[in-house]
Every structure is written in structure tokens, then in C-alpha cells.
Peer 1: 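Structure in C-alpha cells, see below.
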Number of protein chains: 2
Amino acid sequence: MQKLPQISDAEWQVMKAIWSQAPCTANQVIEYLSEIVTWQPKTIKTLINRLLKKKVLGFKIDPQDKKTYHYYPLLSEKECVRAESQSFLHRVFDGLPQIMLANFIEECELSREDIAGLKQILEEKEQKKTT
Amino acid sequence: MQKLPQISDAEWQVMKAIWSQAPCTANQVIEYLSEIVTWQPKTIKTLINRLLKKKVLGFKIDPQDKKTYHYYPLLSEKECVRAESQSFLHRVFDGLPQIMLANFIEECELSREDIAGLKQILEEKEQKKTT
DNA sequence: TCAAATAGATTACGGATGTAATATGTTTTT
DNA sequence: AAAAACATATTACATCCGTAATCTATTTGA
């Protein structure tokens, strides 16, 4: 468990675009995000550069097209989600997942199928403890 | 759903102290937090002042002791937790609580009792939908 | 009463963040 | 080959944040 660099709100959007498309160009990120945010392309390039500096992204150059970088994540979505989740859990719920889960289940809209799915997951988790 | 002011990590610690003790003095906050963090008293005073400026805290003066302020929250813990939770949910899980819940249940340590409790809450939620 | 202690108010300062614009260098296009 | 387009790199700038120190006014102890 090492310390991951801090990823800001805006940077998270960029990372989500890259995790779902990598390797991809800046323009692909910009196009992907055009559905989601209203940032100028320059803003997105800035965010990409900050993520490069933080070593959250890397890039390669295609010999065919030496002009355009192809970015890819250096950290997996899973580990970033985990780190961000732990941070949230500690900040708001003193690190107690039971409290947090109970709270979310009560506060969120969940369909009947969602509820069934979660019960399923809980049961599987229980099974694993037994065996 | 109005927009709450932004509460930073460090400010959350202060707010948790005040929610659990209000109304309380700066020194009570400092003492409470001495178990949890290693900040200088001055640092905590700064945080209290920022929270005053953001209108997250208010204070009263005791006629007996006109020197010391007694701080109290202007926002409930519940609404702040809700806002922070929504922010996290959107940043990391695209606002989808099912995904988030499934993820946490799988990743976190939960005792058998925790699991039973969560199943209970899920069942109650299901009941409410039916009726 | 005068000095020391203390509470709150103001100021500090470097780094992160949101949100870009400008500068520079390399391809294309004409 | 010169100009236009485009990609990346650098710079900008206000605000927030972590982490305090200093200033000011009041209270209290000697």
C-alpha cells in the first residue's frame, strides 16, 4: 500500500476517459469529455499535463504519426478507486465502512434489482467467511 | 438541494469535533482533536475561522465569560455527509450508487454482524418499496 | 496598577486546483 | 518554400488548503 498521487476532481474526469479508451490521444479525450463537461480543449490539455507530471499517465509516440502522443494510465482504475474510497471513508465516516454502507443504502435510490444484487453479494461474502 | 460550502479535509476534522460537542469553545475543539491529529492550536483556530467565514459555524458569547466564544454548527452533520457523499459518488462512480455499494461491500472488512445488519437494512428498504 | 497570559483577528506562504491563454515547434497545405 | 494548422510546453492567475505566526485587545494574576 504505497501513496498514490492526489487526483483532483477535474483530473478524475480525464482519467475516466483514459481508462475507458487507452491508449488514446488528447483529442480523443477531448471528444469523450465533450459529452460530460464544458471545458475548453486547452483546459483538458492542462489536466493531461498535470497527470503526466504526477506520473499518473504516460505516453507513447506512434512512428507513423510522430506528432501526436498516445496516453495511457500508469495507475489502474481499481487502485485509484480504492485510494479515493479510503480517503472518503476516513474523512467522513471515521474509516468505518459499516456506517458508511448503512448510510448510503438508506439514502440512495435503489431498484428492486439493485437490492437483490447487493443482497447476493453480501451472501457471497458471508459464504467466503464460513469456508 | 442547495449548494453547501466546500469543507476541506482538515475542516472536516474540526466539524466532527464540533458536531459531537456543540456548543463548545476553541479549546474544547483543540483538546478533542489532540487525540486525533497533531496540529498546533493556532492551526485549529485558523480552521475554525475559515468555517466561520464559510458560514458553516456560528458562535455565541456567554455573558459570564465574554472572552471565550462558544461555537456551534450552522449545518447539520447529516446534510454535510450527504453532500460529501454525493460528490464522491459522482467523482468516482459516475453517480451510480449500485456500483459503489457493490464495490465497497467486496473490498471492505465486514464482520458477520455487519453483514447481517446490512441485509436487514436492505430488506427494510425493499419492504418500503412494496407497501 | 502593570505585566503576563490568553482569546480572537489578521497576515503569511508555498503548493494544489480550476480554468485557460500564449509560446514554440512540427506538419501539412498551397 | 512560406503560410497555416495543429500538437505539445510553458505561463497565468485567482482561490483554496495546510499549516502556522504575529498582532491586538482584553482579562487576570502579582
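Just so you know, these numbers come straight off a predicted model, no measurement behind them. Only heavy atoms go into these numbers, but all of them, side chains included; no hydrogens, no water, no symmetry mates. The sequence lines fix the lettering, A, B, ..., with proteins before strands; numbering per chain opens at 1.
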Peer 1: Can you tell me the distance, in whole Å, between the CD1 atom of A:I36 and the P atom of C:dG18?
Peer 2: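 For the pair A:I36 CD1 and C:dG18 P, the rounded distance is 16 Å.
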Peer 1: Should B:Y69 be listed as having a side-chain N or O under 4.0 Å from OP1 or OP2 of C:dA9?
Peer 2: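 Looking at the OP1 and OP2 atoms of C:dA9, one of them is under 4.0 Å from a side-chain N or O of B:Y69.
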Peer 1: What does nucleotides 15-22 of chain D look like as a protein-contact string, B for base, S for sugar-phosphate only, - for none, at under 4.0 angstrom between heavy atoms?
Peer 2: --BBBBBB
Peer 1: Partners of B:K16 by salt bridge (charged side-chain N to carboxylate O under 4.0 Å, His left out), sequence neighbours excluded?
Peer 2: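 Checked B:K16 against salt bridge (charged side-chain N to carboxylate O under 4.0 Å, His left out); matches are A:D94.
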Peer 1: Whole angstrom is fine here: how far is it from CD in A:Q28 over to P in D:dT8?
Peer 2: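 Going from A:Q28 (CD) to D:dT8 (P), I get 11 Å.
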Peer 1: Taking everything shown except A:Q86 itself, do over 12 heavy atoms lie less than 6.0 Å from its CD?
Peer 2: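 Enclosed.
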Peer 1: For A:E77, which residues count as a side-chain contact (heavy atoms from CB on, under 4.5 Å) partner, sequence neighbours excluded?
Peer 2: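 With sequence neighbours excluded, A:E77 shows a side-chain contact (heavy atoms from CB on, under 4.5 Å) to A:W19, A:V81, given in chain and number order.
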Peer 1: So does A:Y71 get a side-chain nitrogen or oxygen closer than 4.0 Å to the phosphate oxygens (OP1/OP2) of D:dT8?
Peer 2: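 Answer yes for this pair, as a side-chain N or O of A:Y71 is under 4.0 Å from OP1 or OP2.
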Peer 1: Would you mind classifying the nucleic acid contact of A:F59 as base, sugar-phosphate or nothing, using non-hydrogen atoms under 4.0 angstrom?
Peer 2: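 Counting heavy atoms under 4.0 Å across all strands, no contact is made by A:F59.
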Peer 1: Would you kindly give the CD1-to-C1' distance between A:I44 and D:dT8, to the nearest whole Å?
Peer 2: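 Going from CD1 in A:I44 over to C1' in D:dT8 covers 15 Å.
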Peer 1: Taking ring pair (Phe, Tyr, Trp, His ring centres under 6.0 Å) as the definition, give me every residue that meets it alongside B:Y72, ordered by chain and number, with sequence neighbours left out.
Peer 2: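 Expected list: none.
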Peer 1: Evaluate the side-chain contact (heavy atoms from CB on, under 4.5 Å) criterion for residues B:T68 and B:D62: first the C-alpha distance (whole Å), next the side-chain angles of each, then the deciding distance (0.1 Å), finally the verdict.
Peer 2: CA-CA 8 Å; B:T68 309; B:D62 178 352; over 6 Å; no
Peer 1: Measure CG/A:L33 against P/C:dT19 and give the value in whole Å, please.
Peer 2: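 Computing the A:L33:CG to C:dT19:P distance gives 13 Å.
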Peer 1: Taking only residues two or more places apart in sequence, or in another chain, which ones meet A:K67 in a side-chain contact (heavy atoms from CB on, under 4.5 Å)?
Peer 2: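 Once residues adjacent in sequence are excluded, the partners of A:K67 under the side-chain contact (heavy atoms from CB on, under 4.5 Å) criterion are A:D65.
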Peer 1: Does anything in residues 18-25 of chain B come within less than 4.0 Å of DNA chain D? Heavy atoms only, and list the residues if so.
Peer 2: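 Heavy-atom cutoff 4.0 Å gives no residues at all.
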Peer 1: Tell me, which pairs form a ring-ring contact (aromatic ring centres under 6.0 Å, His included) where one or both residues lie in residues 36-63 of chain A, sequence neighbours left out?
Peer 2: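 Sorted pair list: A:F59-A:Y69.
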Peer 1: Suppose we screen for side-chain contact (heavy atoms from CB on, under 4.5 Å). Which residues come up paired with B:N27, at least two apart in sequence or across chains?
Peer 2: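 side-chain contact (heavy atoms from CB on, under 4.5 Å) list for B:N27, sorted by chain: B:T25, B:I30.
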Peer 1: Enumerate the residue pairs fulfilling salt bridge (Lys or Arg N to Asp or Glu O under 4.0 Å) with a member in residues 95-119 of chain B, sequence neighbours excluded, ordered by first and then second residue.
Peer 2: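 The answer is A:K78-B:E107, A:R82-B:E107, A:E123-B:K119, A:E126-B:K119.
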Peer 1: Quickly work out the A:I61 CD1 to D:dA9 C1' distance and round it to whole Å.
Peer 2: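 My rounded result for the distance is 14 Å.
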Peer 1: Send over the distance from B:H70 NE2 to C:dA7 C1', rounded to a whole Å.
Peer 2: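 Going from B:H70 (NE2) to C:dA7 (C1'), I get 12 Å.
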Peer 1: Which comes earlier along DNA chain C counting from the 5' end, the contact point of B:A26 or that of B:K53, where each point is its nearest nucleotide?
Peer 2: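 Going by which nucleotide is closer to the 5' end, it is B:A26.
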Peer 1: Does a nitrogen or oxygen in the side chain of A:N49 sit under 4.0 Å from OP1 or OP2 of D:dT10?
Peer 2: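 For D:dT10, OP1/OP2 do not have a side-chain N/O of A:N49 under 4.0 Å.
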Peer 1: What does nucleotides 25-30 of chain C look like as a protein-contact string, B for base, S for sugar-phosphate only, - for none, at under 4.0 angstrom between heavy atoms?
Peer 2: --S---
Peer 1: Please walk me through it: do A:L110 and B:Q98 pass side-chain contact (heavy atoms from CB on, under 4.5 Å)?
Peer 2: CA-CA 7 Å; A:L110 294 173; B:Q98 320 90 48; 4.3 Å; yes
Peer 1: Specify the separation, in whole Å, of atom NZ of A:K45 and atom C1' of C:dT24.
Peer 2: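 My rounded result for the distance is 13 Å.
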Peer 1: Under the ring-ring contact (aromatic ring centres under 6.0 Å, His included) rule, what pairs show up with a residue in residues 89-117 of chain A, not counting sequence neighbours?
Peer 2: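 Matches after skipping sequence neighbours: A:F88-A:F93.
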Peer 1: Which residues satisfy the side-chain contact (heavy atoms from CB on, under 4.5 Å) test with A:S34, sequence neighbours excluded?
Peer 2: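 Expected list: none.
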